[in-house]
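Remarks on the structure that follows.
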Amino acid sequence: MPAGRRAPAAQSARRPPPPLPLLLLCVLGAPRAGSGADTAVISPQDPTLLIGSSLQATCSVHGDPPGATAEGLYWTLNGRRLPRELSRVLNASTLALALANLNGSRQQSGDNLVCHARDGSILAGSCLYVGLPPEKPFNISCWSKNMKDLTCRWTPGAQGETFLHTNYSLKYKLRWYGQDNTCEEYHTVGPHSCHIPKDLALFTPYEIWVEATNRLGSARSDVLTLDILDVVTTDPPPDVHVSRVGGLEDQLSVRWVSPPALKDFLFQAKYQIRYRVEDSVDWKVVDDVSNQTSCRLAGLKPGTVYFVQVRCNPFGIYGSKKAGIWSEWSHPTAASTPRSERPGPGGGACEPRGGEPSSGPVRRELKQFLGWLKKHAYCSNLSFRLYDQWRAWMQKSHKTRNQHRTSGSCPRADAARREVLPDKL
Amino acid sequence: MSRREGSLEDPQTDSSISSLPHLEAKIHQTHSLARLLTKYAEQLLQEYVQHQGDPFGLPGFSPPRLPVAGLSAPAPGHAGLPAPERLRLDAAALAALPPLLDVVRRRQAELNPRAPRLLRRLEDAARQARALGAAVEAVLAALGAETRGPRPEPAAAAAAAAAAGVFLAKVLGLRVCGLYRDWVSRTEADLGQLVPGCPA
């Protein structure tokens with residue numbers, strides 16, 4: 001027998017098998033119907049054992065001879081004949097078996113230990129349950145969709161491999177009062193998850209834990225305490241539209257709508273945008289789009305199809321100080337930048353800065369713009385369209401080739417500009 | 001249609017039977033159902049042995065053919081009986097199967113809780129056996145034959161439900177699934193003999 005994991009001590013826990021209601025059955029009889037054949041019984045029946053422990057079993061044959069003797073009997077385990085040296089005849093009607101260093105059960109319904117007559121017919125069987133007690137579940141994480149429900153996920157201890165069916169039960173209660181409740185909807189987002197669909201209180205902490213139980217014992221996770229408002233997530237922003245910005249070949253405009261379920265609460269919502277070139281797997285992420293529902297991506301390649309997604313973090317709901325939980329990404333939306341004859345610039349990003357429009361590349365660009373204005377602006381009615389015309393002119397004049405185009409416009413910069421240059425968008 | 005025993009042209013058929021086209025349609029439909037369920041029954045057997053572990057499902061595996069209360073396999077002489085008698089036996093067996101399949105399902109829910117497809121197939125099998133049994137009884141009624149023979153009551157049949165070990169429960173479950181397959185297959189064959197154009 002291949003070696004299994006060592007156990008501190010051999011244990012054999014025998015559980016009484018549950019009865020079979022309604023199903024009349026006879027004592028395990030002979031393989032040949034109608035013959036006055038032998039019967040036998042294996043002891044112990046359906047034992048539960050720790051991995052690495054030993055088992056002493058017997059097969060006792062009843063009934064009349066001939067043939068009903070221990071001589072010639074043999075054992076199989078999961079269909080494989082066991083070496084003769086593991087067996088010994090105890091008496092005329094009993095064959096014993098000694099198994100050492102047992103491996104974990106091959107299937108959850110139990111390993112099939114079978115006693116055979118000389119001709120191979122099955123005389124009796126017993127199912128072995130060899131495994132480990134559960135270890136403490138850990139890493140419980142929970143989230144609430146729009147404050148209406150709670151879904152929790154956890155990691156089973158010992159990577160979950162106990163070789164025995166292990167039952168996990170998610171329990172929860174209000175911290176200051178109330179009784180223990182048990183979650184009932186399991187496996188909603190993976191094998192170790194549970195969903196509580198309703199009747200959850202806000203502004204009061206819950207205690208949540210997981211209990212794991214199998215034939216060899218039980219274990220309980222640490223308690224997680226949380227307020228529903230601190231773990232809120234929402235749906236991805238709907239109606240994401242991506243469109244060109246006039247003839248600008250390195251820009252795309254992204255617009256979306258606040259997730260409707262929390263629309264009235266998303267005062268401090270954060271958004272994130274990610275985008276990639278059509279045939280690439282590398283996403284570029286625009287962080288902290290803040291509480292905007294539009295953004296302009298700049299520094300893109302001309303004549304290129306981009307996929308864009310947006311997600312929302314509804315942090316700050318009802319004054320929660322916690323970070324909030326990002327929604328799933330919206331469905332990808334695609335758009336292409338206008339084609340140019342020149343090779344376009346490298347990838348850029350919409351980087352809305354928190355009141356820092358003067359940093360880095362934007363500052364250089366703005367300085368050039370103002371320089372150009374002094375030279376070309378002959379009226380006081382400045383407009384954002386002029387700015388776009390300037391950008392188009394810059395591209396055509398090849399003067400952007402040596403510029404580091406790692407950023408473009410951003411909503412806050414746009415807003416700053418729009419104060420000076422009325423928005424024509 | 002040939003004048004086989006039990007054919008629709010049997011002059012001894014009661015004159016109060018349903019109209020011939022309606023009866024033929026009913027037989028045809030029930031035969032198609034039985035054919036479909038025979039396929040499902042084979043799939044159930046395969047799924048079942050897979051989850052019990054070896055030696056279940058190994059070639060040459062020959063467990064004891066344990067008797068099951070209220071139901072036995074089709075007798076060797078079954079095919080030689082008159083059609084109404086065959087269908088009556090089919091209907092009786094199909095009526096006896098659902099509670100047995102339910103017991104197997106409940107036990108498998110304890111032994112193989114992470115085998116939802118097996119549990120679903122067992123649940124479906126019980127429902128399908130009921131449906132096929134009812135359809136066969138409808139055919140019998142349309143033939144003007146007596147529909148119900150003596151049927152064991154579940155409570156009376158469960159004379160001594162012994163506390164069964166797990167291995168024995170696995171073997172019994174296999175037996176019940178095998179009986180289900182045998183009887184839907186038998187029903188398909190019996191109805192096939194009544195379908196015009198089907199070979200005897």
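A, B, ... follow the sequence lines: proteins, then strands. Residue 1 opens every chain. Only heavy atoms go into these numbers, but all of them, side chains included; no hydrogens, no water, no symmetry mates. Model, not experiment: these values are computed from the prediction.
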Specify which of A/Ser109, A/Gly79, A/Ser126 makes the most heavy-atom pairs with chain B at under 4.5 Å.
A/Ser109
Considering heavy atoms only, which positions within [range] lie below 4.5 Å of chain A?
{"range": "residues 115-128 of chain B", "result": "none"}
{"range": "residues 51-60 of chain B", "result": "B/His51, B/Gln52, B/Gly53, B/Asp54, B/Pro55, B/Phe56, B/Leu58"}
{"range": "residues 37-50 of chain B", "result": "none"}

Heavy-atom side-chain contact between A/Tyr129 and B/Val166 under 4.5 Å:
yes
Please list, one pair per line, the donor and acceptor atoms closer than 3.5 Å that link side chains of residues 94-102 of chain B to other protein atoms, with sequence neighbours excluded.
none

Report the C-alpha distance between A/Ile122 and B/Phe61 in whole Å, list the side-chain angles of each, state the deciding distance to 0.1 Å, and finish with yes or no for side chain to side chain contact (heavy atoms under 4.5 Å, CB included).
CA-CA 9 Å; A/Ile122 293 173; B/Phe61 176 57; 3.3 Å; yes
To the nearest 0.5 angstrom, please state how far the CG atom of B/Leu168 sits from the CG atom of A/Asp46.
9.5 Å
Between B/Lys170 (side chain only) and A/Asn112 (backbone N and O only), is there a donor and an acceptor less than 3.5 Å apart?
no
In terms of heavy-atom contacts, does NE2 of B/His28 have more than 12 from other residues, nucleotides or ligands at under 6.0 Å?
no
Decide if atom CD of B/Gln29 counts as having more than 12 heavy atoms of other residues, nucleotides or ligands within a radius under 6.0 Å.
no
